Amino acid sequence: LRQLSSWIGSNISMVQGPGGNTSLKNSEFMWIKGSGTKLKDADIAEIFVRIDLVTGEPNPLTQDLRASIETNLHQLSRSAVVVHTHSTAAIAAGFRDDVEKVATEFGRTTVVPYHRPGTSLADGIRNFVDTSIHDYAILKNHGLLVWGSTVEEVRQRIVAFENEFSEILQYSEANLIEARRLLRDGNLKRYLTPDHAVFLDSSTLKDLEGGRFEPYWLEQMYEQLCIALASSLHFRNLSWLDEEEVRALQNWDVEKLRKEANN
């Protein structure tokens with residue numbers, strides 16, 4: 001799990017900064033990424049929290065880390081390995097109006113409408129995912145969910161998905177310039193994902209005008225979001241987060257804490 005997590009976290013087309021999460025279960029416990037930690041650090045730091053599958057509580061209780069807000073999502077699946085990435089290709093696919101078509105063509109893939117991270121997203125997964133017929137879930141305005149019985153099986157599924165869906169990331173330099181302009185504007189109607197709304201809000205973007213992003217992973221996130229948008233501009237109906245959801249995310253105590261921990 002550490003090797004898989006480090007591999008995912010080191011690939012900016014799958015995860016930038018503290019985004020995404022991974023988990024591994026046996027009959028008693030689940031190990032899941034801690035909130036605010038980075039998958040790329042899995043080989044060099046303790047980023048996992050052990051959860052008792054019966055009580056749902058950390059075991060032992062004295063662990064320094066707080067379990068990911070997506071813990072409920074991982075507990076829902078009976079699969080031993082569950083991975084959630086912020087795949088640029090999955091974000092682009094879920095942002096477009098042909099997402100159901102491309103998911104069907106790829107096979108064993110479902111599309112989950114946008115839900116706020118945490119309990120709401122877990123409910124969405126419960127309603128739209130059937131692991132007997134699905135190996136993947138494209139989470140609209142969020143990313144990708146993949147599961148399997150072994151780490152290697154999940155790794156192979158991620159590679160297959162990225163190889164197929166990276167082909168939709170086609171754009172011109174003019175498209176990229178327009179995408180950057182739209183996202184730099186900081187308009188509340190132009191946020192693609194929760195991490196976009198939380199970490200690259202209008203005040204952050206204003207501070208960054210004319211300078212470099214600090215920390216650097218913010219620049220990686222911004223560029224990946226620009227690519228997702230640039231490759232989708234020719235679609236008529238794009239599924240931006242609505243203004244109320246953006247405000248709720250930016251004022252959510254859970255996300256404020258995560259942002260502070262990663263400044």
Side-chain angles (χ1 to χ4, degrees), residues 1-16 18-27 30-33 38-40 42-43 47-48 53 68 70-96 98-115 117 121-122 124-170 193 195 224 227-228 231:
L1 180 65
R2 291 184 187 279
Q3 292 173 347
L4 177 68
S5 301
S6 178
W7 171 70
I8 292 168
S10 299
N11 188 326
I12 62 169
S13 67
M14 291 194 281
V15 162
Q16 311 84 40
N21 35 73
T22 59
S23 70
L24 175 69
K25 301 184 196 71
N26 64 16
S27 59
M30 176 174 72
W31 289 262
I32 186 166
K33 174 182 171 286
K38 297 179 177 63
L39 289 172
K40 71 179 183 66
D43 280 339
I47 71 165
F48 294 101
L53 289 175
S68 168
E70 309 289 18
T71 297
N72 288 347
L73 179 157
H74 288 258
Q75 287 176 307
L76 278 177
S77 174
R78 294 183 180 178
S79 297
V81 182
V82 179
V83 169
H84 166 48
T85 71
H86 291 177
S87 161
T88 305
I91 291 170
F95 192 48
R96 297 152 46 144
D98 69 342
V99 59
E100 298 284 354
K101 177 176 179 291
V102 296
T104 299
E105 289 175 352
F106 182 62
R108 297 190 65 83
T109 304
T110 187
V111 178
V112 180
Y114 174 77
H115 293 76
L121 179 56
I125 297 297
R126 186 181 292 108
N127 292 331
F128 286 88
V129 172
D130 180 348
T131 55
S132 69
I133 59 174
H134 300 137
D135 296 329
Y136 306 88
I138 295 174
L139 312 178
K140 296 197 67 172
N141 297 94
H142 198 147
L144 178 68
L145 191 65
V146 187
W147 50 88
S149 57
T150 67
V151 165
E152 184 55 30
E153 182 176 52
V154 170
R155 185 196 303 272
Q156 290 177 6
R157 285 177 178 173
I158 292 172
V159 169
F161 182 94
E162 293 296 327
N163 286 344
E164 179 77 16
F165 279 78
S166 62
E167 294 184 6
I168 73 173
L169 299 176
Q170 303 292 326
T193 69
D195 270 9
Q224 293 304 305
I227 289 170
S231 65

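Values in this document were obtained by computation on a predicted structure and should not be read as measured data.
- The two residues Ile91 and Ala228 come nearest to each other via the heavy atoms CG2-CB, 4.2 Å.
- By the 6.0 Å contact criterion, CD on Gln3 is open, its count of non-hydrogen atoms from other residues, nucleotides or ligands being 12 or less.
- A 4.5 Å side-chain heavy-atom check between Trp7 and Met14 finds at least one atom pair inside the cut-off.
- Residues Ile32 and Gln75 fail the side-chain proximity criterion, which asks for heavy atoms closer than 4.5 Å.
- Annotation for Gly20 and Val15: closest pair CA-CG2, 4.3 Å, computed over non-hydrogen atoms.
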Apply side chain to side chain contact (heavy atoms under 4.5 Å, CB included) to Val159 and Gln156, showing your working. CA-CA 5 Å; Val159 169; Gln156 290 177 6; 5.7 Å; no

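- Taking the side-chain hydrogen bond (donor to acceptor under 3.5 Å, both in side chains) definition, one finds that Thr104 meets it with nothing, sequence neighbours left out.
- Minimum interatomic distance between Tyr136 and Ala160 (heavy atoms only, all atoms of both residues): OH-CB, 3.9 Å.
- By the 4.5 Å heavy-atom criterion applied to side chains, His84 and Leu139 are counted as neighbours.
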Phe165/Ser87 under side chain to side chain contact (heavy atoms under 4.5 Å, CB included): CA gap, chis, key distance, verdict: CA-CA 10 Å; Phe165 279 78; Ser87 161; over 6 Å; no

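- His86 is listed as a side-chain neighbour of His142, based on a closest heavy-atom distance under 4.5 Å.
- Under the ring-ring contact (aromatic ring centres under 6.0 Å, His included) criterion, Tyr114 pairs with no residue, sequence neighbours left out.
- One distance of note links CD1 of Ile158 with CG of Leu4; it measures 5.5 Å at 0.5 Å rounding.
- Counting only heavy atoms from C-beta outward, the side chains of Val111 and Lys140 approach each other to under 4.5 Å.
- Here Phe48 pairs with nothing under the ring-ring contact (aromatic ring centres under 6.0 Å, His included) rule; sequence neighbours left out.
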Test log, rule side chain to side chain contact (heavy atoms under 4.5 Å, CB included), inputs Thr85 and Val146: CA-CA 8 Å; Thr85 71; Val146 187; over 6 Å; no

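- In this structure, Val112 and Ala137 approach most closely via the heavy-atom pair CG2-CB, 4.1 Å.
- Annotation: side chain of Ile125 is not in contact with side chain of His115 (no heavy-atom distance under 4.5 Å).
- Proximity of Glu164 to Val102: side-chain heavy atoms (C-beta onward) are nowhere separated by under 4.5 Å.
- The two atoms that bring Trp31 and Leu1 nearest to each other are O-CD2, 4.0 Å, heavy atoms only.
- Separating the CZ atom in Arg157 from the CG atom in Leu144 is a distance of 11.5 Å, to the nearest 0.5 Å.
- Taking the side-chain hydrogen bond (donor to acceptor under 3.5 Å, both in side chains) definition, one finds that Glu70 meets it with nothing, sequence neighbours left out.
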Stepwise side chain to side chain donor-acceptor pair (under 3.5 Å) check, Asp195 with Thr193: CA-CA 5 Å; Asp195 270 9; Thr193 69; over 6 Å; no

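- Separating the CG atom in Asn21 from the NZ atom in Lys33 is a distance of 6.0 Å, to the nearest 0.5 Å.
- We find the OG1-CG distance between Thr109 and Leu145 to be 11.5 Å, quoted to the nearest 0.5 Å.
- Between Trp147 and His74, the closest side-chain pair of non-hydrogen atoms is not below 4.5 Å.
- To the nearest 0.5 Å, atoms CZ (Phe106) and CG (Asp135) are separated by 8.5 Å.
- Judged purely by atom type and a 3.5 angstrom limit, Lys25 has no side-chain atom pairing as donor or acceptor with the backbone of Val82.
- Every residue was checked against the side-chain hydrogen bond (donor to acceptor under 3.5 Å, both in side chains) condition with Thr110, not counting sequence neighbours, and none meets it.
- Of the inter-residue distances, the one linking Leu73 atom CG with Leu121 atom CG reads 5.0 Å to the nearest 0.5 angstrom.
- Taking both residues in full, the closest heavy atoms of Ala122 and Leu76 are given as O-CD1, 3.1 Å, listed atom of the first, atom of the second, then distance.
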Dump the intermediate steps for side chain to side chain contact (heavy atoms under 4.5 Å, CB included) on Ser231 and Gln170, then the final yes or no. CA-CA 5 Å; Ser231 65; Gln170 303 292 326; 5.6 Å; no

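- Every residue two or more places apart in sequence or in another chain that forms a side-chain hydrogen bond (donor to acceptor under 3.5 Å, both in side chains) with Asn11 is listed here: Ser13.
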